[in-house]
Asks: 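This is the structure, below, for whatever I ask next.
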Amino acid sequence: MGVGAIGGGQTTLRFCPTTEEGLHFDTFKVGESGAFKRGVRAFKLFLNVDKKPRVWRIGPALADFITINQHHLPNPCPDDVNTFCYVVDKLGLLDNCETRQVEIPPGGMVIANGTSIAHEVVSGDRMVCLETFVTALPGRPPIRSTQEEFLAITEELGIPMVKDFPGLEALANQDGSFERTKKRLAEMA
């Protein structure tokens with residue numbers, strides 16, 4: 001078992017109603033590369049501070065998604081996991097994935113890495129999120145980052161990768177999961 005150290009981070013207070021945000025993998029800085037450093041692992045703790053359950057839908061883990069959908073992914077794929085997750089969201093590749101619903105009871109906590117598992121908040125009003133990172137202690141084996149896991153699975157599957165993903169800028173004008181979900185719900189109303 002590896003031993004790690006928890007680094008600095010931030011606390012996010014999410015005190016507003018959230019409904020149907022669309023299934024997605026977390027991305028940062030509009031899909032810019034380099035959000036995940038070698039030997040650093042994201043660590044997020046979600047605490048439901050509401051009187052009612054917070055409901056999530058959970059989809060496939062990133063490695064499972066890539067394996068199942070390898071023949072439907074862009075060719076070539078971005079070689080950066082943050083950019084990859086951004087492209088997957090903009091192209092709607094998670095829109096038809098199987099999910100299961102999970103309820104976080106009042107006072108309940110969940111530890112999760114939103115880049116490693118597809119997820120969406122279905123409903124919930126008040127939550128606290130503690131976001132930090134974990135690194136290996138000196139003299140211990142390095143912790144495998146999300147980026148390193150991503151590269152390992154794509155290499156194992158022989159998925160062609162490219163540093164500068166063509167058309168990345170054009171995707172900024174396309175709806176992501178959140179916008180597509182809101183439009184779908186508006187049409188149903």
Asks: Quick check against the 3.5 Å criterion: does Gln70 have a side-chain atom that pairs as donor or acceptor with the backbone of Thr67?
Replies: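 Such a contact is found between Gln70 side chain and Thr67 backbone.
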Asks: Just jot down the side-chain contact (heavy atoms from CB on, under 4.5 Å) partners of Glu149, sequence neighbours excluded, or say none.
Replies: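 Per chain and number, Glu149 pairs via side-chain contact (heavy atoms from CB on, under 4.5 Å) with Arg41, Arg144.
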Asks: Leu157 and Val87: same hydrophobic cluster, using ILVMFWY side-chain contacts below 4.5 Å?
Replies: yes
Asks: Do Asp95 and Arg180 pass the side-chain contact (heavy atoms from CB on, under 4.5 Å) test, and can you show the C-alpha distance, the side-chain angles, and the key distance before you say yes or no?
Replies: CA-CA 9 Å; Asp95 288 356; Arg180 286 192 305 276; 2.8 Å; yes
Asks: Surrounding CD of Gln101 (heavy atoms of other residues, nucleotides or ligands, distance under 6.0 Å), is the total greater than 12?
Replies: yes
Asks: Taking only residues two or more places apart in sequence or in another chain, which ones pass side-chain hydrogen bond (donor to acceptor under 3.5 Å, both in side chains) with Asp125?
Replies: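 For Asp125, the residues satisfying side-chain hydrogen bond (donor to acceptor under 3.5 Å, both in side chains) (neighbours in sequence not counted) are Lys52.
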Asks: When the aromatic ring centroids of Phe65 and Phe25 are compared, is their separation below 6.0 Å?
Replies: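 Yes: the rings meet the under 6.0 Å criterion.
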Asks: Please check if any side-chain donor atom of Thr115 sits under 3.5 Å from a side-chain acceptor atom of Asn82, or the reverse.
Replies: no
Asks: Given the rule that I, L, V, M, F, W and Y join up when any side-chain heavy atoms are under 4.5 Å apart, are Phe46 and Val128 in one cluster?
Replies: no
Asks: Is there a donor-acceptor pair under 3.5 Å between the side chain of Gln147 and the backbone N or O of Asp79?
Replies: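 Confirmed, Gln147 side chain pairs with Asp79 backbone.
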Asks: What distance separates Ile117 CD1 from Asp26 CG, expressed to the nearest 0.5 Å?
Replies: 11.5 Å
Asks: Using side-chain contact (heavy atoms from CB on, under 4.5 Å), reason through Met161 and Phe84 one step at a time and then give a plain yes or no.
Replies: CA-CA 10 Å; Met161 306 297 278; Phe84 176 82; 5.9 Å; no
Asks: Is there a donor-acceptor contact under 3.5 Å from the side chain of Asn48 to the main chain of Gly107?
Replies: no
Asks: Transitively linked via ILVMFWY side-chain contacts under 4.5 Å: Phe178 with Leu91?
Replies: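 They do not share one cluster, since no chain of ILVMFWY contacts under 4.5 Å joins Phe178 to Leu91.
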Asks: CE/Met188 to CD/Glu20 distance, rounded to the nearest 0.5 angstrom?
Replies: 8.0 Å
Asks: When rounded to the nearest 0.5 angstrom, what distance separates OG in Ser177 from CZ in Arg184?
Replies: 10.5 Å
Asks: Would the distance check show the side chain of His24 and the main-chain N or O of His119 forming a donor-acceptor pair, the cut-off being under 3.5 Å?
Replies: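 Between the backbone of His119 and the side chain of His24 there is a qualifying donor-acceptor contact (under 3.5 Å).
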Asks: Is Val121 linked to Ile58 within one hydrophobic cluster, defined over Ile, Leu, Val, Met, Phe, Trp and Tyr using a side-chain heavy-atom separation of less than 4.5 Å?
Replies: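 Yes, because Val121 and Ile58 connect within a single hydrophobic cluster, where side-chain heavy atoms sit under 4.5 Å apart.
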